[in-house]
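All values derive from a computational prediction rather than experimental measurement.
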Amino acid sequence: MQRRRKNKLDTVGTGLLAGLALPVLIFFIVYLVTEDEVSFADYISGMWQMHALIKLGSLCVFANVAVFWFFLKKKYEKAARGVLGATILYAFLVLISRAV
């Protein structure tokens with residue numbers, strides 16, 4: 001029986017960090033690409049007033065699918081579990097924000 005070598009990246013924490021950070025990074029990239037003359041705080045405020053902040057944030061979370069599949073292809077099941085946990089956390093935040 002051959003033992004599988006443990007990889008340092010295959011942790012729930014790694015997946016959770018990747019799953020939480022990637023949507024925020026993509027959101028920031030969208031801001032940089034679309035708005036030149038508006039501060040980030042004003043951009044967030046304007047998106048909130050237009051009721052588009054949660055919608056855009058939800059779209060940014062779709063990038064987690066790619067990270068999830070990457071971890072599964074590499075056989076990093078624990079890291080994929082962390083990405084799934086981060087995605088579920090974002091889903092709860094969206095549900096809570098819609099209730100407010």
Connected-component partners of Leu59 among ILVMFWY, side-chain separation under 4.5 Å:
Phe62
Applying side-chain contact (heavy atoms from CB on, under 4.5 Å) to Phe70 and Val65, what does each step give before you reach the verdict?
CA-CA 8 Å; Phe70 171 78; Val65 172; over 6 Å; no
Mind checking whether Val94 and Leu89 sit in one hydrophobic cluster, side chains of I, L, V, M, F, W, Y counted as touching below 4.5 Å?
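Each belongs to a different hydrophobic cluster.
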State which residues pass side chain to side chain contact (heavy atoms under 4.5 Å, CB included) with Ala63; sequence neighbours excluded, sorted by chain then number.
Leu22, Ile26
Where do Phe71 and Leu9 land on the side-chain contact (heavy atoms from CB on, under 4.5 Å) test, with the steps shown first?
CA-CA 9 Å; Phe71 283 143; Leu9 292 177; 5.6 Å; no
State yes or no: do Val30 and Ile54 share one hydrophobic cluster built from I, L, V, M, F, W and Y residues joined by side-chain heavy-atom distances below 4.5 Å, directly or via other members?
yes
Measure the shortest side-chain to side-chain distance between Lys78 and Val12 over non-hydrogen atoms and say whether it is less than 4.5 angstrom.
yes
Joint cluster assignment, Val38 & Ile44, ILVMFWY side-chain distance < 4.5 Å
yes
Within this structure, what is the CZ-CG distance for the pair Phe68 and Leu84, rounded to the nearest 0.5 Å?
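Output value for this atom pair is 5.5 Å.
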Test item: Thr14 side-chain N/O and Asp10 main-chain N/O as donor-acceptor pair under 3.5 Å
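Between the backbone of Asp10 and the side chain of Thr14 there is no qualifying donor-acceptor contact (under 3.5 Å).
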Please name the pair of heavy atoms, one in Pro23 and one in Ala18, separated by the smallest distance, quoted to 0.1 Å.
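Shortest heavy-atom separation between Pro23 and Ala18 comes out as CD-O, 4.3 Å.
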Going from CG on Leu20 to OG1 on Thr87, what distance comes out if it is rounded to the nearest 0.5 angstrom?
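Going from the CG atom of Leu20 to the OG1 atom of Thr87 covers 8.5 Å.
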Return the set of residues passing side chain to side chain contact (heavy atoms under 4.5 Å, CB included) with Val24 (not counting sequence neighbours), or none when no residue passes.
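Side chain to side chain contact (heavy atoms under 4.5 Å, CB included) check on Val24 returns Tyr90.
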Residue pair Gly19 / Ala86: nearest heavy atoms and the distance that separates them
C-CB, 3.5 Å
Is there a continuous path of hydrophobic side-chain contacts, each under 4.5 Å between heavy atoms, that joins Leu72 to Ile88?
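Yes, Leu72 and Ile88 fall within the same hydrophobic cluster.
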Can Ser45 and Asp42 be counted as having a side-chain donor-acceptor contact under 3.5 angstrom?
no
What residues form a side-chain hydrogen bond (donor to acceptor under 3.5 Å, both in side chains) with Thr34, not counting sequence neighbours?
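For Thr34, no residue satisfies side-chain hydrogen bond (donor to acceptor under 3.5 Å, both in side chains) once neighbours in sequence are set aside.
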Evaluate the criterion side-chain contact (heavy atoms from CB on, under 4.5 Å) for residue pair Leu16 and Val83; output intermediate values, then yes/no.
CA-CA 5 Å; Leu16 192 62; Val83 173; over 6 Å; no
Return the set of residues passing side chain to side chain contact (heavy atoms under 4.5 Å, CB included) with Tyr31 (not counting sequence neighbours), or none when no residue passes.
Phe28, Glu35, Phe40, Tyr43
Once side chain to side chain contact (heavy atoms under 4.5 Å, CB included) is applied, do any residues pair with Ala52, and if so which ones, sequence neighbours excluded?
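Scan of Ala52 (side chain to side chain contact (heavy atoms under 4.5 Å, CB included), adjacent residues dropped) gives Met47, Met50.
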Spacing of Cys60 atom SG and Lys55 atom NZ [to the nearest 0.5 Å]
14.5 Å
